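So the structure is just underneath, and the comments pick up after that.
All heavy atoms count here, side chains included; hydrogens, waters and symmetry mates do not. Everything numeric in this text was worked out from a predicted model, so none of it was measured.
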Amino acid sequence: MKKSRPLTLYILIAMVLGIGVGYACHQAFPEKSMTDDIAAHISIVTDVFLRLIKMIISLLVFSTLTVGIAHMGDGKTAGRIGAKAFLWFICASLLSLVLGMVFSNYFQLGSHMGLALPDAGASTNLKTAAFTLKDFVTHLVPKSPIEAMANNEILQVLIFSLFFGTALAGMGEAGKTLCKVVDQLAQVMLRITGAIMALAPLAVFAAIASVVTTQGLGVLVTFAKFMGAFYLGLFCLWMLLIGAGFVVVGPRILKLVGLIREPFLLAFSTASSEAAYPKLLLALDQFGVPRKISSFVLPLGYSFNLDGSMMYCTFAVLFIAQAYGIDMSIGTQITMLLVLMLTSKGIAGVPRASLVVIAATLTQFHIPEAGLLLLMGVDQFLDMGRSATNAVGNAVAAAVVAKWEGGLASEADAARDHALRLAEPNADILQTARKAA
């Protein structure tokens with residue numbers, strides 16, 4: 001615990017300093033070309049940090065998930081865990097979408113904006129035609145596992161890992177040597193993660209400073225009501241997700257909230273859910289979620305359980321419709337929710353994925369796509385909240401599935417295992433060997 005507190009504190013300090021430096025740069029250099037150039041140089045640190053995360057995440061997902069599947073022993077266990085995870089994902093997705101719809105209708109955010117709308121013929125330059133059922137299904141299966149890892153296609157890496165882990169489990173004794181090698185690979189990736197995370201405060205500082213340098217704080221005032229309502233909605237969603245976790249896991253879920261504060265802040269400040277993945281995996285280890293469950297549920301969640309992103313989709317679509325004076329009946333809104341349930345799945349690896357889904361939905365319901373340009377100025381600030389929410393939702397999902405599976409370790413056992421990991425670098429391998437014996 002002593003090691004985690006300083007990093008959290010440093011991240012918070014970095015966020016404050018980033019706002020201060022960014023605001024100073026924005027005021028000192030009023031020319032947009034100059035601020036864009038300064039922001040581009042500042043953001044180099046964040047770009048390097050996120051590239052380092054991308055460098056390890058595919059191998060981390062592959063190694064942890066493969067070993068987890070291999071230790072399950074059969075495909076039935078994986079299928080059962082997957083079914084329980086998807087049950088939770090569907091419920092959480094519907095909750096996110098409905099909550100966004102309720103808040104949007106209550107606050108009527110677009111109706112009172114009083115801003116000049118962009119020309120209806122303006123283009124957002126977002127590829128919306130790519131989101132079809134055919135493309136999604138065929139995209140699930142990688143043409144090559146190497147290509148999938150190179151492109152950080154987490155969903156494709158997950159599919160290959162399922163096949164590889166199941167085949168490895170089917171080899172029995174003959175597969176144990178390779179299983180230990182893959183397990184050691186996972187330990188190496190986690191050690192690299194520890195080194196990369198030391199750069200997190202610098203990356204957070206650069207990310208915040210870069211955005212504020214370009215946008216300034218004035219844009220926050222203009223969209224204060226929209227952002228305030230959105231973050232209020234996210235806060236309510238956090239409470240509901242944690243409350244649902246409380247019902248299943250019990251009061252102990254509050255400890256998980258404390259354990260995920262670092263990945264939460266990382267996801268929030270860098271506006272990247274991927275940045276939080278390694279720390280989220282370690283936090284779930286410390287909470288007592290078996291690696292075979294967390295390494296399976298988390299990658300699935302990163303593709304199918306983007307709670308914050310889905311809430312934002314309903315907020316944005318209804319905001320734009322209200323801004324254009326387009327009346328959407330409750331029936332139409334429910335249809336929109338069902339469409340978003342499908343189109344929002346499996347898009348984690350797509351840059352500005354939420355914006356692409358929103359643009360596609362606007363087109364489908366004959367709402368001018370150009371309205372999305374209104375939100376692009378503050379999208380980075382909104383992306384911070386939805387990325388952090390995705391991390392919270394997936395952490396709770398992993399804990400709930402572990403509880404349903406009867407695999408959640410007691411607090412005493414979780415504390416002992418965590419102490420063992422700190423004392424022995426190869427503790428996970430030793431535990432695996434003991435269980436196998």
Item checked: Expected output: side-chain Asn105 to main-chain Met101 donor-acceptor under 3.5 Å -> yes

Next item on the list: Calculate, to the nearest 0.5 Å, the distance between atoms CG and OG1 belonging to Leu190 and Thr64 respectively.
Entry: 7.5 Å

Note to self: Could you tell me if the side chain of Val21 sits less than 4.5 Å from the side chain of Cys25, heavy atoms only?
What the structure shows: yes

Check: Are the side chain of Ser43 and the backbone of Thr46 linked by a donor-acceptor contact shorter than 3.5 Å?
Finding: no

Next item on the list: Step by step, work out the side-chain contact (heavy atoms from CB on, under 4.5 Å) result for Ile13 and Phe205.
Entry: CA-CA 8 Å; Ile13 292 173; Phe205 166 80; over 6 Å; no

Note to self: Applying salt bridge (Lys or Arg N to Asp or Glu O under 4.0 Å) as the test, list every pair that has at least one member in residues 16-34; sequence neighbours left out.
What the structure shows: Lys32-Asp36

Margin query: Minimum heavy-atom separation for Leu256 and Ala399, please, with both atom names.
Written below: CD2-CB, 3.8 Å

Next item on the list: Verify the distance criterion only: is there a donor paired with an acceptor across the side chains of Ser387 and Asn390 at less than 3.5 Å?
Entry: no

Notebook entry, point to check: Got a sec, which pairs hit salt bridge (Lys or Arg N to Asp or Glu O under 4.0 Å) with one end in residues 315-328, sequence neighbours left out?
Noted result: none

Margin query: Could you report the tightest heavy-atom contact between Met189 and Leu60, atom names first, then the distance?
Written below: CB-CD1, 3.7 Å

Item checked: Exercise: do Ser63 and Thr66 side chains pair donor with acceptor under 3.5 Å -> no

Next item on the list: Starting from the C-alpha separation in whole Å, work towards a yes-or-no answer on side-chain contact (heavy atoms from CB on, under 4.5 Å) for His366 and Ile326.
Entry: CA-CA 10 Å; His366 308 292; Ile326 298 172; over 6 Å; no

Next item on the list: Return the orientation label for the Phe230 and Phe226 ring planes: parallel under 30°, perpendicular over 60°, tilted otherwise.
Entry: parallel

Check: Does the pair Arg386/Asp379 count as a salt bridge with the N-to-O cut at 4.0 Å?
Finding: yes

Next item on the list: Assess whether side-chain contact (heavy atoms from CB on, under 4.5 Å) is satisfied between Gln333 and Leu337, documenting all intermediate values.
Entry: CA-CA 6 Å; Gln333 291 186 36; Leu337 296 189; 5.6 Å; no

Next item on the list: Give a yes or no on whether the backbone of Ser273 and the side-chain of Tyr302 come within a donor-acceptor separation of less than 3.5 Å.
Entry: yes

Notebook entry, point to check: Does some side-chain heavy atom of Phe319 sit less than 4.5 Å from a side-chain heavy atom of Leu375?
Noted result: yes

Notebook entry, point to check: For Met341 and Ser93, which heavy atoms make the closest approach, and how far apart are they?
Noted result: SD-CB, 3.3 Å

Note to self: For Lys54, is there any backbone N or O sitting under 3.5 Å from a side-chain donor or acceptor partner on Ser58?
What the structure shows: no

Next item on the list: Side-chain contact test, heavy atoms from C-beta onward, threshold under 4.5 Å: evaluate it for Ile56 versus Pro278 and give yes or no.
Entry: yes

Note to self: Please give me the minimum heavy-atom distance between Leu168 and Ala70, naming the atom from each residue.
What the structure shows: CD2-CB, 4.2 Å

Check: Okay, side chain of Thr389, backbone of Gly308: is any donor-acceptor separation there less than 3.5 Å?
Finding: no

Next item on the list: Calculate, to the nearest 0.5 Å, the distance between atoms CG and CZ belonging to Leu12 and Arg261 respectively.
Entry: 10.0 Å

Check: Does CE belonging to Met34 count more than 12 external heavy atoms closer than 6.0 Å?
Finding: no

Check: So, for Val212 and Ile19, which heavy atoms are closest and what is the spacing to 0.1 Å?
Finding: CG1-O, 3.9 Å

Notebook entry, point to check: Would you say Met311 and Leu95 make side-chain contact, with heavy atoms under 4.5 Å?
Noted result: no

Checklist line | Heavy-atom check, side chain of Met197 versus side chain of Phe49, under 4.5 Å | finding: yes

Margin query: When you measure from the side chain of Ser269 to the backbone of Leu265, do you find a donor-acceptor pair of N or O atoms at a distance under 3.5 Å?
Written below: yes

Check: Looking at side-chain heavy atoms only, is the closest gap between Lys255 and Glu411 below 4.5 Å?
Finding: yes

Item checked: Interatomic spacing from CZ in Phe246 to CG in Leu254 - rounded to 0.5 Å -> 6.5 Å

Note to self: Would you call the rings of Tyr231 and Phe268 parallel, tilted or perpendicular, taking 30° and 60° as the class edges?
What the structure shows: perpendicular

Next item on the list: Could you tell me whether the side chain of Thr213 reaches within less than 4.5 Å of the side chain of Tyr23, counting heavy atoms only?
Entry: no

Next item on the list: Working to the nearest 0.5 Å, report the span between CZ of Phe86 and CZ of Phe89.
Entry: 6.5 Å

Check: Does any non-hydrogen side-chain atom of Leu158 lie less than 4.5 Å from one of Phe62?
Finding: no

Next item on the list: Verify the neighbour count for atom NZ of Lys403: are there more than 12 heavy atoms of other residues, nucleotides or ligands below 6.0 Å?
Entry: no

Checklist line | Test log, rule side-chain contact (heavy atoms from CB on, under 4.5 Å), inputs Val297 and Asn394 | finding: CA-CA 8 Å; Val297 175; Asn394 287 321; over 6 Å; no

Note to self: Ignoring hydrogens, what is the shortest heavy-atom contact between Thr270 and Leu266? Give both atom names and the distance.
What the structure shows: OG1-O, 2.5 Å

Check: Between atom OG of Ser104 and atom CD of Gln322, what is the distance when rounded to the nearest 0.5 Å?
Finding: 6.0 Å

Next item on the list: Could you grab the distance from atom CG of Leu408 to atom CZ of Phe287, nearest 0.5 Å is fine?
Entry: 5.5 Å

Next item on the list: State which residues pass ring pair (Phe, Tyr, Trp, His ring centres under 6.0 Å) with Phe296; sequence neighbours excluded, sorted by chain then number.
Entry: none

Note to self: Determine whether Trp88 and Phe304 satisfy the following criterion, ring pair (Phe, Tyr, Trp, His ring centres under 6.0 Å), listing intermediate values before the conclusion.
What the structure shows: CA-CA 10 Å; Trp88 178 268; Phe304 295 103; over 10 Å; no

